[in-house]
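The structure appears below as structure tokens.
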Amino acid sequence: MAPKMDNTEAIVLNFVNEQNRPLNTQNAADALQKFSLKKTAVQKALDSLADAGKITFKEYGKQKLYIARQDQFEIPNTEELALMKEENAKLQEQLQEKKKTISEVESEIKSLQSNLTLEEIQEKDAKLRKEVKEMEEKLIKLREGVTLVRPEDKKAVEDMYSDKINQWRKRKRMFRDIWDTVTENFPRDIKEFKEELGVEYDEDVGLSLQAYSDLIPHGKKRGRGQ
């Protein structure tokens with residue numbers, strides 16, 4: 001339900017004073033739609049306020065432009081204007097610095113979001129460790145001669161094992177890059193933060209990437225960059 005007439009005038013008067021710039025009926029009606037005021041009600045309120053001398057207006061043909069009475073506002077002197085300009089310049093400079101900081105943070109967030117999360121890395125790491133362990137057990141049996149296999153089958157297993165080792169190495173390096181980024185300049189104790197997240201390094205659970213890499217037959221090892 002639209003406000004009563006006296007409330008409508010109060011809303012319109014407050015709006016005109018806040019804007020303190022020339023307004024036509026359409027300008028005011030568009031802005032005051034949130035109060036469920038129709039254009040006709042706004043027009044009546046503007047005319048009533050103008051007749052009562054609470055606002056002023058000028059006619060340009062058939063259109064009226066309404067504006068707040070200027071004698072109700074304190075007009076700053078030259079010194080005050082200079083101080084206001086100086087303060088405005090400082091605020092503008094601070095605003096630009098804030099925008100720059102926000103832009104940098106957003107860029108960093110996008111960069112981090114393009115990588116795997118810690119949880120995803122942990123899941124993949126656990127899966128790879130399990131697969132590597134299974135491959136290791138199979139290789140040990142093969143080398144001990146427990147199971148006779150065809151040379152091509154043995155090669156396929158060794159190639160798969162080598163690939164898993166390289167995936168382990170890549171995931172480990174990826175985790176370390178993300179972890180270093182997250183914990184750089186971190187205010188808390190890194191060890192406590194690591195325990196809180198449940199993060200475990202290979203060494204924490206008695207695993208060694210180098211030891212598993214050494215199981216790969218000579219000549220099949222790939223470079224660290226691969």
Side-chain angles (χ1 to χ4, degrees), residues 34 88-226:
K34 58 185 178 181
N88 181 64
K90 290 180 180 179
L91 291 174
Q92 289 294 329
E93 184 177 347
Q94 292 175 10
L95 177 61
Q96 293 304 316
E97 290 178 356
K98 295 295 183 183
K99 287 183 177 180
K100 182 179 178 182
T101 300
I102 291 174
S103 178
E104 292 174 350
V105 171
E106 289 178 342
S107 297
E108 184 173 351
I109 290 174
K110 289 180 180 178
S111 176
L112 291 174
Q113 288 177 337
S114 65
N115 295 320
L116 294 175
T117 65
L118 287 175
E119 183 178 356
E120 290 172 335
I121 290 176
Q122 290 172 345
E123 291 177 356
K124 288 182 177 295
D125 180 65
K127 182 180 179 181
L128 285 172
R129 289 184 185 185
K130 181 180 178 182
E131 292 176 353
V132 168
K133 186 177 180 180
E134 292 173 352
M135 292 296 102
E136 177 194 17
E137 292 173 352
K138 291 180 180 179
L139 279 175
I140 290 175
K141 291 180 180 180
L142 287 171
R143 288 173 180 171
E144 290 177 347
V146 174
T147 305
L148 295 177
V149 295
R150 295 179 301 171
E152 57 267 27
D153 292 336
K154 180 180 178 182
K155 181 178 182 302
V157 171
E158 290 177 342
D159 288 344
M160 183 183 299
Y161 180 82
S162 177
D163 181 64
K164 298 300 181 183
I165 289 295
N166 278 283
Q167 288 188 45
W168 183 356
R169 182 178 293 111
K170 291 178 182 178
R171 299 299 181 186
K172 183 174 182 178
R173 183 170 61 250
M174 183 185 300
F175 168 78
R176 291 301 308 182
D177 290 343
I178 295 177
W179 181 256
D180 290 343
T181 299
V182 171
T183 58
E184 184 179 5
N185 300 321
F186 197 68
R188 293 174 50 190
D189 182 79
I190 301 302
K191 184 177 180 181
E192 292 181 358
F193 181 56
K194 172 172 163 282
E195 292 177 352
E196 180 180 327
L197 293 176
V199 175
E200 292 180 326
Y201 297 155
D202 294 343
E203 297 77 10
D204 295 335
V205 292
L207 292 177
S208 169
L209 174 60
Q210 185 58 48
Y212 282 96
S213 297
D214 291 341
L215 294 174
I216 301 175
H218 181 70
K220 289 184 176 293
K221 297 181 181 179
R222 300 179 182 177
R224 292 183 178 274
Q226 294 182 327

By side chain to side chain contact (heavy atoms under 4.5 Å, CB included), Ile190 pairs with (sequence neighbours left out) Trp179, Thr183, Phe186
Gln167 versus Val132: any side-chain heavy-atom pair under 4.5 Å? no
Rounded to the nearest 0.5 angstrom, the CD-CD1 distance for Glu123 and Ile121 is 10.5 Å
Rounded to the nearest 0.5 Å, the CE atom of Met174 sits from the CD atom of Glu120 at a distance of 10.5 Å
Shortest non-hydrogen pair, Glu200 vs Arg129, comes out as O-NH2, 3.9 Å
For a 4.5 angstrom cut-off between non-hydrogen side-chain atoms, does Tyr212 reach Arg169? no
side-chain hydrogen bond (donor to acceptor under 3.5 Å, both in side chains) filter on Glu131, not counting sequence neighbours, yields Lys164
CG (Asp214) and CD1 (Ile165) are apart, to the nearest 0.5 Å, by 9.5 Å
Should Gln122 and Val199 count as side-chain neighbours, where that means a heavy-atom distance under 4.5 Å?
-> yes
One should read off an interatomic distance between Gln210 CD and Leu215 CG, to the nearest 0.5 angstrom, of 10.0 Å
Side chain to side chain contact (heavy atoms under 4.5 Å, CB included) filter on Glu184, not counting sequence neighbours, yields none
- Query: Would you find more than 12 non-hydrogen atoms of other residues, nucleotides or ligands less than 6.0 Å from Glu152 atom CD?
  - Reply: yes
For Asp189, the side chain to side chain contact (heavy atoms under 4.5 Å, CB included) test, sequence neighbours excluded, returns Lys191, Glu192
Hits for side-chain hydrogen bond (donor to acceptor under 3.5 Å, both in side chains) against Glu196, two or more places apart or cross-chain, chain-then-number order -> Arg188
Review item, side-chain donor-acceptor pairs of residues 93-101, under 3.5 Å, at least two apart:
from, atom 1, to, atom 2, distance (Å)
Thr101, OG1, Glu97, O, 3.0

The reported gap from CZ in Arg173 to CG in Leu209 (rounded to nearest 0.5 angstrom) is 10.5 Å
By ring pair (Phe, Tyr, Trp, His ring centres under 6.0 Å), Tyr161 pairs with (sequence neighbours left out) none
Applying side-chain hydrogen bond (donor to acceptor under 3.5 Å, both in side chains) to Lys133 and not counting sequence neighbours gives none
Interatomic distance, OG@Ser162 vs CE@Met135, rounded to 0.5 Å, equals 12.5 Å
Residues passing the side-chain hydrogen bond (donor to acceptor under 3.5 Å, both in side chains) test with Asp177, sequence neighbours excluded, are none
